[in-house]
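Before any comments, here is the structure.
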Number of protein chains: 2
Amino acid sequence: MGDATTHDLLQTRLDAYMAKKGLRSTGQRRTIASAFFNGPSHITIEELLVRARQEDSRIGYATVYRTLKLFTECGIASEHNFGDGPTRFELADEGDDHHHDHLICLECRSIIEFHDETIETQQEKIAKRLGFEVTSHKHEIYGICANCQSARAKKKR
Amino acid sequence: MGDATTHDLLQTRLDAYMAKKGLRSTGQRRTIASAFFNGPSHITIEELLVRARQEDSRIGYATVYRTLKLFTECGIASEHNFGDGPTRFELADEGDDHHHDHLICLECRSIIEFHDETIETQQEKIAKRLGFEVTSHKHEIYGICANCQSARAKKKR
DNA sequence: GTAATTGCAAATGGTTTGCATGTAA
DNA sequence: TTACATGCAAACCATTTGCAATTAC
């Protein structure tokens with residue numbers, strides 16, 4: 001993840017989607033896409049706006065919202081809300097077999113990604129048993145990360 | 001779930017929490033508690049307000065919010081937001097071993113609960129491997145329920 | 001040329017809060 | 001009698017939308 005190949009793939013998917021829908025490749029969209037591809041993961045609209053404005057200071061709030069909605073629709077971005085503040089966006093997984101979920105530290109708000117085939121499989125089994133056709137899922141584990149645990153232990157001493 | 005025993009248990013936990021914090025047992029709180037215990041699961045603040053007002057028409061919006069925050073804090077309610085509209089509340093599970101998660105139909109918005117020990121265990125394993133101390137988790141599967149699938153099939157015919 | 005796109009500001013929806021009044025203990 | 005609780009309206013925050021001006025194709 002994060003290499004040129006991934007970006008190319010996602011860029012291609014975006015281009016295809018825009019072509020199919022008759023959408024236009026504008027300067028703002030290109031700037032926001034670049035900020036999104038090159039910025040940190042789990043980025044917010046606000047953070048993205050700051051980065052995009054370094055390229056083009058006239059970019060507006062609503063445009064970033066609209067553009068990220070577009071990215072999500074076409075499948076190159078996925079959104080998560082981890083229960084505090086605003087929605088965060090990340091590059092989409094490249095396929096079902098690459099899907100990842102998150103552990104979120106309630107103290108420092110750091111985010112760790114994990115992938116677990118056992119859970120994915122089990123989930124499918126449950127859905128099938130209940131006659132459910134799965135579209136997507138959200139699996140978030142909240143807790144205290146290793147770092148914050150030792151910081152706490154230190155404080156107590 | 002839903003039997004008198006469960007309610008008694010939760011009521012006791014609520015009373016204990018209020019006593020400990022020096023909070024008062026008011027008419028509004030009793031009314032809202034009763035509406036929550038006897039109403040449908042996955043209820044919204046709005047729905048709860050309507051029900052509570054059948055008992056006491058002067059109950060305000062903010063009071064229901066504040067009361068359900070109290071219920072959540074003391075552990076008798078748990079909240080979920082399934083991505084559309086407002087937060088929904090349900091009676092808390094009675095222990096870690098009873099924890100359940102949700103399947104949500106994107107078409108009819110029905111909610112199915114499931115419990116899976118394999119997933120719970122696997123989740124713990126992942127957290128431990130990453131040095132994470134788990135506080136809570138959220139596992140939601142979104143898709144199309146059996147009913148809506150057959151309704152779709154019928155439409156196509 | 002024309003339909004898509006943008007920026008802005010205003011609107012929205014869910015939730016929280018300040019404050020004067022009411023009430024449980 | 002004195003905190004705590006309540007109702008109301010206003011504030012808040014993230015997000016969406018209407019619209020006139022702009023721009024890609």
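Worth knowing before you read on, the calculation uses all heavy atoms, side chains too, and leaves out hydrogens, waters and symmetry mates. Every chain is numbered from 1, with letters handed out A, B, ... down the list of sequences.
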For the residue pair B:H100 and B:D93, confirm or rule out a side-chain donor-acceptor distance under 3.5 Å. yes
Between D:dA14 (C1') and A:R88 (CZ): distance, integer Å: 13 Å
Does A:R24 make a side-chain donor-acceptor contact with the base of D:dC25, cut-off 3.5 Å? no
By the 4.0 Å heavy-atom rule, please label B:I45 as base, sugar-phosphate, or nothing. nothing
Could a donor-acceptor pair under 3.5 angstrom be found where the side chain of B:R29 meets the base of D:dA5? no
Calculate the interatomic distance between B:Y65 atom OH and D:dA10 atom C1'; express it in whole Å. 15 Å
Rounded distance (Å) that lies between atom C1' of D:dA14 and atom CG of A:L48: 15 Å
For the side chain of A:Y61, starting at C-beta, report the closest nucleotide among C:dC8, D:dT15, D:dA5. D:dT15
Can you tell me if the side-chain N/O atoms of A:T87 get under 4.0 Å from OP1 or OP2 in D:dT15? yes
Let's see if you can work this out: which of C:dG7, D:dT6, D:dT15 has an atom nearest to the side-chain heavy atoms of B:Q28? D:dT6
Whole-Å distance separating the CD atom of B:E73 from the C1' atom of C:dT16: 14 Å
What I want to check is whether the side chains of A:H115 and A:E113 have a donor and an acceptor closer together than 3.5 Å. no
Between B:H137 and B:D101, a side-chain donor and acceptor under 3.5 Å: yes
To the closest 0.5 Å, what do you measure between NE2 (A:H139) and CD (B:Q123)? 3.5 Å
Quick one: CZ on A:F36 to CG on A:L10, what's the gap to the nearest 0.5 Å? 8.0 Å
d(CG, B:D84; P, D:dT15) in whole Å: 16 Å
Using whole Å, report how far CE of A:M18 lies from P of D:dA24. 13 Å
C:dG7 phosphate, OP1 or OP2, under 4.0 Å from A:T63 side-chain N/O: yes
Is there a donor and acceptor pair, one atom on the side chain of B:R66 and one on the base of D:dG7, closer than 3.5 Å? yes
Within the 4.0 Å heavy-atom criterion, would you say B:G22 contacts the bases, only the backbone, or no part of the nucleic acid? sugar-phosphate
Short side-chain N/O contact to C:dT6 OP1/OP2 from A:T26, under 4.0 Å: yes
Here the distance between atom C1' of C:dT5 and atom CZ of A:R58, to the nearest Å, is 13 Å
